[in-house]
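Structure, as structure tokens:
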Number of protein chains: 4
Amino acid sequence: MDKKEHELKIIIDPTSGIPYYRQIILQIEMAVADGRMKVGKQLPTVRGLAVDLQVNPNTVVRAYRELEFRGLVTTQHGTGSFISDIEMNMSDVERAQVLSQLVRGFVSQISSYGFTVEDIITYLTDYQEEIGL
Amino acid sequence: MDKKEHELKIIIDPTSGIPYYRQIILQIEMAVADGRMKVGKQLPTVRGLAVDLQVNPNTVVRAYRELEFRGLVTTQHGTGSFISDIEMNMSDVERAQVLSQLVRGFVSQISSYGFTVEDIITYLTDYQEEIGL
Amino acid sequence: MDKKEHELKIIIDPTSGIPYYRQIILQIEMAVADGRMKVGKQLPTVRGLAVDLQVNPNTVVRAYRELEFRGLVTTQHGTGSFISDIEMNMSDVERAQVLSQLVRGFVSQISSYGFTVEDIITYLTDYQEEIGL
Amino acid sequence: MDKKEHELKIIIDPTSGIPYYRQIILQIEMAVADGRMKVGKQLPTVRGLAVDLQVNPNTVVRAYRELEFRGLVTTQHGTGSFISDIEMNMSDVERAQVLSQLVRGFVSQISSYGFTVEDIITYLTDYQEEIGL
DNA sequence: GTGGTCTAGACCACC
DNA sequence: GTGGTCTAGACCACG
């Protein structure tokens, strides 16, 4: 078994209309969500990732900054950026605030498709049972 | 007891983060989808709607143009804009698919922050009341 | 009495060692704190302020972005940036989170001078009485 | 009951946001200020301290160099670094002035977000316990 | 080597 | 006109 089969592999789609820095954020969030990136693990360096993705280093910086703001990532100057342990580093209040921002962003997104908060709640309730199986 | 007495009541929310022209598009789409606007019916004039909504006429123009591009609306120069008879609306099934994709993506995202579906539902329920104010 | 005697007058000190964008943030915060900027008032445009301060527009963008993240400022694409009504737009949870971030930043700052949280609490308690006079 | 049994115990907090070399400087300054380190006493060797703190030797070098620049420390090539007899430490009065300036500035800042001195005190008291863990 | 800040200037989206 | 994103590349701070 190759321990590296599920490493962090970010892919930028220039045609998606989604800003590059957001694509980076989303894919790092997903990597954490599905366990490919674990607490304490170092993220690619800013410059390294920029070269990989063929984007400007500043674009990566911006993505990392936003992740740090949200508490998902910790940056140590001169050392690198790491996945932080949110549960440990954030108070309940802070976690609630992150949830709030994420949900509001999502609501804004779905309403641009004409869906309502009601629709999501209904869907999620069903989804929850589905997962619970 | 006429359920259609308010045929087309568009409301712009400047704080939603959704572009004005999109808000107009969405609400016209929804009006068509739920039967408040029917094929052949005339839309408000660009200037009239702009005054109503207190937005720049160009914003309304843009919304109508995009609707025309999608085939939902036909513009007759010098006469006005009308709902065209092309069936461009998403079916319920399609809408459900889109919702599903969006919500699952979001659930994946928030789980990277250690939140659960339960957390979202709770938050949304509160949020819904807050908006309802 | 000239109504404009106390307008927003931002001054960048290139020798202070404080990043320009932080200097902008701090001075806008102060302007709001002392009433020179009020809720709903429009901030200088990004480009306008950049020219005024003789800094790059991106530097102003960054300052405004951070203020928006903190909830002090609301940006409307294509229209401008405005002082937002924090009390209205933020939930208790969100306000608590902003407080948390501000205080933690301050603690980090003062500990670089060798002061402790204890020192601040002591000072603030005295200060509070002083103000209360 | 020797109060000085732990003459110089430096602790690096990687999460504080304060540069390592500053943390070293501050703790040496404080050790001098409260009498744990006296004039003429030898500081730990660069390499020894680097190993102790698990930091890069260059980081210790930098801290010592800055202390030497300030006159607090004298380095004798091939022999070691020593506390010099120049009185560079802030008096209590000076420290109080600095604290005052910092705190008042911060109070002004947070008031732009609608927070009160009371809010900070409450938060700090909680925070203090949290850190104390 | 790492990340942080800033500039100059381009191009896009929204009003 | 407004703000938003991105690039190219420089210089600084930290380890």
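In what follows, every heavy atom counts, from backbone to side chain, and hydrogens, waters and symmetry copies are set aside.
- Searching all strands for a Watson-Crick or G-U wobble partner of E:dA10 with both distances below 3.5 Å returns F:dT5.
- A:Q23 places a side-chain N or O within 3.5 Å of a backbone atom of A:D13 that can act as its donor or acceptor partner.
- In this entry the distance linking CG of C:L43 with P of F:dG3 reads 9 Å, nearest Å.
- Place C:G78 and A:P44 on DNA chain E by their nearest nucleotides, and A:P44 ends up nearer the 5' end.
- Residue contacts shown for A:V55 are limited to sugar-phosphate atoms, with no base heavy atom under 4.0 Å away.
- Looking at which nucleotide of DNA chain F each of A:Q76 and A:T59 is closest to, the 5′-most match is held by A:T59.
- Considering only side-chain atoms of B:P19, the nucleotide from E:dC6, F:dA13, E:dC15 that sits closest is E:dC15.
- The side chain of B:R62 sits closest to E:dC14 out of F:dA13, E:dC14, F:dG4.
- Position along DNA chain F of the nearest nucleotide to C:S81 versus A:I18 favours C:S81 as the more 5'-ward residue.
- Between the side chain of C:Q27 and the main chain of C:I11, a donor-acceptor pair closer than 3.5 Å is present.
- Counting any heavy atom pair closer than 4.0 Å across all strands shown, C:R65 reaches sugar-phosphate atoms only and no base atom.
- Distance OH (B:Y21) to P (E:dA13): 8 Å, rounded to an integer number of Å.
- For the pair C:I12 CD1 and E:dT7 C1', the computed distance is 14 Å after rounding to whole Å.
- The base of F:dG9 sits within donor-acceptor range of the side chain of A:N58, with an N or O pair under 3.5 Å.
- Sparse packing is recorded around CZ of D:R22, with 12 or fewer heavy atoms of other residues, nucleotides or ligands lying under 6.0 Å away.
- Rounded to an integer number of Å, the gap from OH of D:Y20 to P of F:dA13 is 19 Å.
- Spacing between atom CG of A:N56 and atom C1' of F:dT5 amounts to 11 Å, rounded to whole angstrom units.
- Rounded to an integer number of Å, the gap from CZ of B:R22 to C1' of E:dA13 is 11 Å.
- As a whole-Å value, the separation of B:I24 CD1 from E:dC15 P is 9 Å.
- For E:dC15, neither phosphate oxygen OP1 nor OP2 lies less than 4.0 angstrom from any side-chain nitrogen or oxygen of C:T79.
- Among the heavy atoms of the strands, none lies under 4.0 Å from C:Y64.
- In this structure, the side chain of D:S84 engages the main chain of D:G71 through a donor-acceptor pair within 3.5 Å.
- Judged purely by atom type and a 3.5 angstrom limit, C:R95 uses its side chain to pair as donor or acceptor with the backbone of D:G114.
- Protein atom CD of A:E68 is 17 Å distant from nucleotide atom P of E:dT2, rounded to whole Å.
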